[in-house]
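Let me begin by presenting the structure, written as structure tokens, before commenting on it.
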Amino acid sequence: HVYSSRFGGMGPCGEWSRTQLKPPKNPSLCVNWICFPRRSIRIRKMGTADWFGVSKDGDATQKWQRKSLRHCSLRYGKLKPQVIREMDLPSQDNISLTSTETPPPLYIVDPLARGRAFRMVEEVDGYSVPQTPITPGAASLCSFTSSRSGLNRLPRRRKRESVAKMSFRAAAALVKGRSLRESTLRRAQRRSFTPASFMEEDMVDFPDELDTSFFVKLTHPFFISLPCLSSVNSPRPLERGWRKAKEGTPGPPKVPLRQEVVSVTGQRRGQRIVVPVKKLFAREKRPYGLGMVGKLTNRTYRKRIDSYVKRQIEDMDDHRPFFTYWITFVHLLITILAVCIYGIAPVGFSQHETVDSVLRNKGVYENVKFVQQENFWIGPGSESLIHLGAKYSPCMRQDKQVHELIREKRAIERNSACCVRNDRSGCVQTSEEECSSTLAVWVKWPRHSSTPQLNGNDRQYGSVCHQDPRICLEPASVSPHEWPDDITKWPVCTRYNTGNHTNLPHIDCTITGRPCCIGTKGRCEITSREYCDFMKGYFHEEATLCSQVHCMDDVCGLLPFLNPEIPDQFYRLWLSLFLHAGILHCLVSVAFQMTILRDLEKLAGWLRISIIYILSGITGNLASAIFLPYRAEVGPAGSQFGILACLFVELFQSWQILAQPWRAFTKLLCVVLFLFAFGLLPWIDNFAHICGFISGFFLSFAFLPYISFGRMDLYRKRCQIIVFLLVFVGLFSGLVVLFYVYPIKCDWCELLTCIPFTDKFCEKYDLNAHLH
């Protein structure tokens, strides 16, 4: 019994009213009639079965089945040859509208029905049945599911909300500055697909008694869409196919007719033109396989998609891009703070030279040139970026080249001594060649009379300006803790004897040079403070020898090393992902994240996309630290190329539902190859790009959502997740071994990040500031 507010009247089943539906007077009679507007069509009980084609008469049944198959052939195309042979039908070409049998009934379509971009599909006993257009504002028989358990099966009602839940919704709407109705509408508009059933979304109250058992026997293969039978968002049409009668009589064999659905995102006529900027911040659900990149490249679904696949697309969650907003905020904040605190280095693409007269340790002014790499990103210099946490191998492991430089410097310093000027104007620790024999005295032990003794023997190494084991009170050189003969192993004296005159020339003189750490490789010089400041170095007022300071600790900054001799700042692998070389570099990252990353996070969620983002960036930085160890690099370039790899994986996973997958693949490949070619410039790191892309490719297969095209495809993709996770773990482990256990030096690998097109094209390749 269907009640329509549009029609009233009286029938044998009871009274039809505009406000209520009364119980039927004679329920057994209700099987034999259907209500149409302003009239009733009565069908005799004996002719009902024949009229619907379910009688026990074989001829009538065969006739109706022929009509059904003819209708299906005209509606959906040619039938299978097996069906034609079983039913003993004429050839497919002979089935036409000019047949002598009763022509198929015409479709009765509601003129008020809205068109749809696709037809939804409902599975009914192995059949795929497309839906008819829907008339807004009316109820339809097609919307009610058939009852298999008996009579008077009621539709499921939506559970009423509790007072606490309604109060919470009202409070949330009040905080957001919206009315409760507007908040409800916004929440309902977040779905980009039609709700699964209008009963769950739109209908709250229904008649208490509603018998749909009569319509279970409707097996006619066409739709009835009349004003009294239509409904808003009715998702289920009348059932197709044949069913066995309830009396137990066997019915004709089922003919599995499967109709695929049309694309869910096809272009509709009359669509409004929207500004592209607004599309970037739209809140609609992201279609799988398309997304923002798909829209920009005009990527579309196939015209026909299986209902099983379409249901998976509809069931995918719609996430909010919280990770994108968080990482973008962090990037902007750190970049602003870095620029404000460390300033901006010279802007450009070449080297910046500064020449000035500086007081050196010899007591005279000299012209000194300071060379610095320009930063075209408009940001701090490389030394400042290393202090902030840039990827830099000498700060993450004991670098062999830097360790050799320190060892050679100590060997020279072991044979040095204090050079004291004859006019007592000053003294400095130097070698014999640099100390003038006419203007100064080189106080070298044991040749000088001031030589102290160690275990009854004269010391062989020294002296040291302003440091002697005989006058240092803390740490004191007393047995058994006497200072060794090797001056490079002497500690820093923190407290001296208060006497002004010791009659020792290397102690009573005025010292003019102390250790200064210069450059990104920690080069140490005994020089003046003025020269150290001009060279942007780190001056150590407390020390007297370069062996007493740890320049790499000064160069790297951040947390001090656990062992001053062994750098261990491995956390730079992910810390550098939050840094940028300058303002332009940050803006490029923000633009990428607010478009590509935000679009993918709406599909995958913050947890999955953050794992891919961070692990891809760490892998890219690790590879860059292996092949380009002496370049200070910052930025999430590896992470961003890992996200680009996600676009390829999503394309492969949705290959079977896209209209032109090869064309989409070609466009995406051209864009990525252009970015890789851009990485051949000398100030951009291609190793982070390549390894970040490879790791992101493996991780995307494991963490990105996917759709399956059958049971075997589902099992294959589950195995695929395990395989690619193991491959990524193997790749990452191999890079760790190459970085920490077996360091390699690959000269030809530099061609992947800088091709010397000219003699001077890669000249500044190994300087301090090379950023990606």
Side-chain angles (χ1 to χ4, degrees), residues 291 293 321 323-324 326-328 330-331 389-391 396 570-580 585 588-601 603-628 633-653 668 671-673 675-676 678-679 684-706 720-721 723-736 738-739 752-753 771-772:
V293 176
F323 175 76
T324 301
W326 175 79
I327 196 69
T328 302
V330 171
H331 284 166
K391 186 278 304 175
M396 302 160 61
F570 59 89
Y571 48 84
R572 290 176 176 267
L573 289 174
W574 64 83
L575 185 61
S576 60
L577 301 179
F578 302 94
L579 304 175
H580 286 86
H585 194 194
V588 171
S589 295
V590 169
F592 177 87
Q593 290 163 184
M594 292 303 294
T595 53
I596 307 298
L597 180 61
R598 179 179 179 271
D599 184 63
L600 279 175
E601 188 180 356
L603 173 69
W606 71 270
L607 182 59
R608 295 171 182 265
I609 209 69
S610 61
I611 292 175
I612 298 174
Y613 185 92
I614 294 176
L615 290 183
S616 299
I618 291 176
T619 309
N621 284 339
L622 186 57
S624 178
I626 293 173
F627 299 104
L628 302 175
E633 300 178 4
V634 292
S639 301
Q640 293 168 358
F641 272 79
I643 297 300
L644 289 178
C646 294
L647 298 177
F648 280 91
V649 174
E650 185 193 19
L651 176 62
F652 297 151
Q653 300 279 30
L668 192 59
V671 174
V672 176
L673 290 179
L675 295 177
F676 280 127
F678 190 72
I684 297 178
D685 178 21
N686 230 2
F687 284 101
H689 296 176
I690 295 173
C691 291
F693 183 87
I694 294 174
S695 59
F697 187 81
F698 294 152
L699 291 170
S700 300
F701 276 105
F703 291 101
L704 276 186
Y706 62 87
Q720 180 179 277
I721 292 175
V723 170
F724 280 105
L725 276 179
L726 295 177
V727 171
F728 171 77
V729 172
L731 172 65
F732 188 81
S733 302
L735 293 177
V736 171
L738 291 178
F739 183 68
L752 293 177
T753 189
L771 310 172
H772 66 272

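We number each residue from 1, following the sequence as shown. Since the model is a prediction, treat every value here as computed from it, not as a measurement.
- Taking each heavy atom of Ser700 and Ala645 in turn, the nearest pair found is OG-C, 4.2 Å.
- With a 4.5 Å cut-off on side-chain heavy atoms, Ile643 and Ser616 do not count as touching.
- Judged by distance alone, the side chain of Asn621 and the main-chain N or O of Trp574 form no donor-acceptor pair under 3.5 Å.
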- Query: Stepwise, does the side chain to side chain contact (heavy atoms under 4.5 Å, CB included) test hold for Leu675 with Leu644?
  - Reply: CA-CA 11 Å; Leu675 295 177; Leu644 289 178; 3.6 Å; yes
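- Partner of Phe676 under the side chain to side chain contact (heavy atoms under 4.5 Å, CB included) criterion, chosen from Val671, Ile690, Leu752: Ile690.
- Residues Ile721 and Leu725 have side chains in contact (heavy-atom distance under 4.5 Å, counting atoms from C-beta outward).
- Taking CD1 of Ile618 as the reference point, atom CG of Leu575 lies at 10.5 Å (rounded to 0.5 Å).
- Only one option out of Phe724, Phe728, Phe732, Phe648 pairs with Phe698 in a ring pair (Phe, Tyr, Trp, His ring centres under 6.0 Å); it is Phe724.
- Ring-plane geometry between Phe693 and Phe641 is classed as perpendicular, the angle between the planes exceeding 60 degrees on a 0 to 90 degree scale with a lower cut at 30.
- In this structure, SG on Cys691 lies 8.5 Å from CG on Leu622, to the nearest 0.5 angstrom.
- Donor-acceptor pairing under 3.5 Å is lacking for the side chains of Ser576 and Glu633.
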- Item | Derivation of the side chain to side chain contact (heavy atoms under 4.5 Å, CB included) call for Tyr706 and Gln720 | CA-CA 11 Å; Tyr706 62 87; Gln720 180 179 277; over 6 Å; no
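- Side-chain contact between Phe701 and Val723: absent, with no pair of heavy atoms (C-beta onward) separated by less than 4.5 Å.
- For the pair Asp599 and Val293, the minimum side-chain heavy-atom distance is 4.5 Å or more.
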- Message: What verdict does the side chain to side chain contact (heavy atoms under 4.5 Å, CB included) test give for Leu600 and Glu650, after you've listed the backbone C-alpha separation in whole Å, the side-chain angles of each residue and the deciding distance to 0.1 Å?
- Response: CA-CA 10 Å; Leu600 279 175; Glu650 185 193 19; 4.0 Å; yes
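- You'll find the side chain of Cys646 reaches within 4.5 Å of the side chain of Leu704, heavy atoms only.
- Shortest non-hydrogen contact noted between His585 and Val634 is CE1-O, 3.5 Å.
- Across Gly642 and Ile612, no two heavy atoms sit closer than the pair O-CG2, 4.3 Å.
- For the pair Val727/Phe697, no side-chain contact is recorded, criterion being any heavy-atom separation below 4.5 Å from C-beta on.
- For the atom pair Ser610 OG and Leu597 CG, the distance stands at 9.5 Å (nearest 0.5 Å).
- Nearest approach of Ile596 to Leu647, heavy atoms of both residues: CG2-CD1, 4.1 Å.
- In this structure, Trp326 and Phe323 have tilted ring planes: the angle between them lies in the 30° to 60° band.
- Remark: the Tyr613 side chain and the Glu601 side chain contain no N/O donor-acceptor pair separated by less than 3.5 Å.
- Residues Phe687 and Ile626 are not in side-chain contact: their nearest non-hydrogen atoms beyond the backbone lie 4.5 Å or more apart.
- Contact record, His580 with Pro636: NE2-CD, 3.5 Å, taken as the closest heavy-atom pair.
- Environment of CZ in Phe678: sparse, with no more than 12 heavy atoms of neighbouring residues, nucleotides or ligands closer than 6.0 Å.
- Listed for the His331 side chain is a donor-acceptor partner under 3.5 Å among the backbone atoms of Leu577.
- The two atoms that bring Arg608 and Phe703 nearest to each other are NH1-O, 2.5 Å, heavy atoms only.
- Side-chain contact check for Gln593 versus Ile327: some heavy-atom pair is nearer than 4.5 Å.
- Checking side-chain atoms of Ser733 against main-chain N and O of Gly730 turns up no donor-acceptor pair under 3.5 Å.
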